[in-house]
Amino acid sequence: VETTQEPIRIVGLSATLPNYEDVATFLRVKLESGLYFFDHSFRPVPLQMQYLGITEKKALKRHALMNEICYEKVLLQQADNNQVLIFCHSRAECAKTGKEVRDLAGQNDTVDKFVREDGASREILSEEVETVKNADLKDVLPYGFAIHHAGMVRSDRVLVEDLFADNHIKVLISTATLA
């Protein structure tokens with residue numbers, strides 16, 4: 001601006017930035033007139049977020065409790081035939097969470113809530129699992145669960161995205177790559 005004497009526009013963008021006011025202040029934006037933000041009400045598909053606090057100190061018990069709560073929340077959404085996205089911090093966490101939620105569904109005899117025994121999705125998932133390269137995805141896919149992260153080959157990620165878009169996958173566990 002000082003060199004050209006022309007006003008410029010600075011735009012700060014993020015899909016997941018909770019402290020947009022801090023960024024606006026850093027960019028010297030007038031909060032009352034120059035800041036525009038879009039919350040979940042602008043989404044074409046409604047988004048529901050829940051934050052739960054877990055006070056368990058021991059790592060193994062905390063991890064197990066988080067997965068039990070996650071399973072219960074997923075099962076609750078399945079009652080309304082909703083699909084669920086679960087975001088994890090790491091690739092390894094995606095695989096662990098996917099397997100543990102799948103195992104909880106097996107232990108509680110609720111696997112059929114995620115993929116019906118006689119449904120077309122079961123057949124499609126059984127066929128597609130043959131083309132999957134990622135061992136963790138191959139392990140959970142027949143049950144209506146999937147994982148998605150940057151460590152997977154592109155063909156596996158695209159397959160998961162397509163199957164989720166077509167409502168064949170009910171529960172997708174992902175890192176921020178899908179955000």
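The structure presented is a predicted model; accordingly, all values stated were derived computationally and were not measured. Numbers here simply count residues along the sequence, with the first being 1.
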* Asked: Are the charged groups of Arg102 and Asp139 less than 4.0 angstrom apart, N to O?
  -> yes
* To do: Please go through Leu52's hydrophobic cluster and name the other residues, only I, L, V, M, F, W, Y counting, with side-chain heavy atoms under 4.5 Å joining them.
  => Ile54, Leu65, Met66, Ile69
Any side-chain heavy atom of [X] sitting closer than 4.5 Å to one from [Y]?
X	Y	result
Cys70	Ile86	yes
Leu163	Leu125	yes
His149	Asn134	yes
Arg154	Val158	yes
Gln83	Val171	no
Ile147	Val160	no
Arg91	Met152	no

Does any N or O in the side chain of [X] come within less than 3.5 Å of the main-chain N or O of [Y], such that one atom is a donor and the other an acceptor?
X	Y	value
Asn108	Leu104	yes
Thr97	Cys94	no
Asp136	Ala95	no

* hydrophobic_cluster_shared for Tyr36 and Val29, side chain cutoff 4.5 Å -> no
* Asked: Do Leu85 and Tyr71 belong to the same hydrophobic cluster, where Ile, Leu, Val, Met, Phe, Trp and Tyr are linked whenever their side-chain heavy atoms lie under 4.5 Å apart, directly or via other members?
  -> yes
For atom [atom1] of [X], decide whether the heavy atoms of other residues, nucleotides or ligands shown that lie under 6.0 angstrom number more than 12.
X	atom1	answer
Glu56	CD	yes
Asp109	CG	no
Lys113	NZ	no

Provide the closest heavy-atom pair for [X] versus [Y] in the form atom of the first, atom of the second, distance.
X	Y	answer
Ile169	Gly144	CG2-O, 3.7 Å
Asp156	Val132	OD1-CA, 3.5 Å
Ile173	Cys88	CG2-SG, 3.5 Å

* **Partner residues of Phe145 under the ring pair (Phe, Tyr, Trp, His ring centres under 6.0 Å) criterion, sequence neighbours left out** => Phe114
* Can you tell me if Thr175 and His89 form a side-chain donor-acceptor pair at under 3.5 Å? -> no
